[in-house]
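Heads up, the thing below is written out as structure tokens.
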Amino acid sequence: MSDAIKIPRHVSIVMDGNGRWAKMRGKKRLEGHKAGEKSVRSCTEECVRQGVRYLSLFAFSEENWARPKDEVEGLMTLLAGSIKKETKLFTDNKVRLRVLGNRSRLDPSLNADIAEVEELTKDFERMDLIVFLSYSGKWDILQAAKRFARDAAADPSLIERADLSLFGNYLVTAEIPDPDLIIRTSGEQRISNYLLWQAAYSEFYFTDVLWPDFDGKELLKAFEEYSSRDRRYGKVK
Ligand code: FPP
């Protein structure tokens, strides 16, 4: 199958629908998030198999901090556990883990666990798994603008020299190419303050499948659809 389809270099997923998946089964929302862990594993493995170079996942937004305290705490515990538990998956598959977002809002012990796995996997080059945690697109652009302003105060020539590439290096995604394909599960069709700058020319794929039911097979359907898209980047072919 992989011969016939175009494989995006960077695939990004807005993992949505865990709460609804749980509700449909009379379970607590956290059970939905737990069920979503196996979709993360299945998609990670499929991306490695297909030769995807960057897989990024929107795991927790800046806005998600406003959810009920027990859900936030449960999610953070789940994420910490999952990152530790999957260390073998990362090392076996030569996957580099990177966690990007407003890390200052994370619990110091979670930050330490993340840093440990990031350090352990930093030389792996088969695939980067990027987990966006406490992330929002507007936050990213603002933090980039603040850091740029500080540097420009010290070196005003930066203002004239700044172009899209130079400014892009102030975003937390510096060095990571923009996503070719953004997938959102659960039937919602919006960007929800995700990669606002980086999604400028991304293709979008929306599916009604809820995140806990999404797996490698569903991912291949998205790649098939992506293969039929004609990407012109605003130009004429
Ligand atoms: C959105 O569903 C999902 C989340 C906010 C959390 C995603 C986290 C995981 C799948 C845990 C594992 C992740 C990693 C990276 C190991 P929702 O709660 O908004 O669902 P709803 O719209 O149906 O309420």
Side-chain angles (χ1 to χ4, degrees), residues 11-48 52 54-91 93 95-103 105-107 110-111 113-118 121 127-137 139 172 179 182-195 206-216 218-219:
V11 183
S12 196
I13 310 181
V14 179
M15 309 180 288
D16 200 3
N18 295 348
R20 275 161 285 167
W21 183 94
K23 196 174 175 202
M24 282 163 63
R25 286 160 179 79
K27 294 180 175 186
K28 292 206 165 129
R29 294 179 55 83
L30 205 56
E31 291 301 316
H33 298 315
K34 278 186 192 154
E37 271 188 305
K38 70 167 180 355
S39 305
V40 171
R41 197 174 314 116
S42 173
C43 289
T44 303
E45 287 170 344
E46 193 61 50
C47 281
V48 168
V52 168
Y54 300 88
L55 168 63
S56 57
L57 304 171
F58 198 12
F60 193 88
S61 71
E62 279 283 81
E63 291 79 11
N64 288 155
W65 288 111
R67 289 191 176 195
K69 196 167 168 267
D70 60 337
E71 184 175 348
V72 172
E73 281 173 3
L75 256 172
M76 289 298 150
T77 308
L78 183 73
L79 284 161
S82 182
I83 283 167
K84 276 188 174 169
K85 213 166 47 197
E86 301 300 356
T87 307
K88 187 169 155 42
L89 174 77
F90 303 148
T91 48
N93 290 288
V95 169
R96 175 179 180 181
L97 177 79
R98 299 183 185 199
V99 176
L100 302 178
N102 190 356
R103 296 266 296 256
R105 292 188 78 173
L106 303 182
D107 190 86
L110 174 58
N111 260 325
D113 288 344
I114 293 169
E116 202 177 302
V117 182
E118 283 181 326
T121 62
M127 187 176 87
D128 283 20
L129 175 65
I130 301 140
V131 177
F132 286 99
L133 205 51
S134 193
Y135 180 85
S136 84
W139 165 82
V172 294
I182 297 181
I183 297 169
R184 183 167 188 156
T185 58
S186 87
E188 308 294 352
Q189 303 193 0
R190 54 177 173 267
I191 188 92
S192 295
N193 204 0
Y194 188 36
L195 300 168
F206 299 108
T207 172
D208 288 340
V209 175
L210 303 176
W211 178 247
D213 295 325
F214 195 90
D215 59 8
E218 291 294 334
L219 194 67

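Numbering of ligands and ligand atoms starts at 1, following listing order. Starting from 1, each residue takes its place in the sequence as its number.
- For V117 against T121, the heavy-atom pair with the smallest separation is O-OG1, 2.9 Å.
- The nearest heavy-atom contact from the protein to atom 3 (C) of ligand 1 is M15 O, 3.1 Å.
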Verdict with supporting geometry, K85 and E37, salt bridge (charged side-chain N to carboxylate O under 4.0 Å, His left out) = CA-CA 11 Å; K85 213 166 47 197; E37 271 188 305; 3.5 Å; yes

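- Remark: K38 NZ is packed, more than 12 non-hydrogen atoms of other residues, nucleotides or ligands lying under 6.0 Å away.
- For atom 11 (C) of ligand 1, the candidate residues are I83, L210, L78; the nearest heavy-atom contact is made by L78.
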request  = Could you go through the side-chain hydrogen bond (donor to acceptor under 3.5 Å, both in side chains) check for S134 and W65 one step at a time?
outcome  = CA-CA 8 Å; S134 193; W65 288 111; 2.8 Å; yes

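- Salt bridge annotation for K34-E31: present, with a cationic side-chain nitrogen under 4.0 angstrom from a carboxylate oxygen.
- In plain terms, the two heavy atoms of L219 and C43 that are nearest each other are CD2-O, 3.9 Å.
- Here is the list of ligand 1 atoms found below 4.0 Å of a heavy atom in L79: 13 (C), 14 (C), 15 (C).
- The ligand atoms of ligand 1 that sit less than 4.0 angstrom from a heavy atom of R20 are 21 (P), 22 (O), 23 (O).
- Regarding atom 19 (O) of ligand 1, its nearest protein heavy-atom neighbour is R67 NH2, 2.9 Å.
- Atoms of ligand 1 lying under 4.0 Å from at least one heavy atom of S82, given by number and element, are 16 (C).
- At under 3.5 Å, a nitrogen or oxygen of R29, whether backbone or side chain, sits near a nitrogen or oxygen of ligand 1.
- Each of L100, N102, I130 was checked for a side-chain contact (heavy atoms from CB on, under 4.5 Å) with V172, and the lone residue meeting it is L100.
- Counting heavy atoms under 4.0 Å from ligand 1, residue W211 touches it through the side chain alone.
- For atom 6 (C) of ligand 1, the nearest non-hydrogen atom of the protein is A59 O, 3.3 Å.
- Among the atoms of G19, some N or O lies under 3.5 angstrom from an N or O of ligand 1.
- Ionic pairing of R105 and E62 is present here: one or more N-O contacts between side-chain nitrogen and carboxylate oxygen are shorter than 4.0 angstrom.
- Among protein heavy atoms, the minimum distance from atom 12 (C) of ligand 1 is reached at E37 CG, 3.9 Å.
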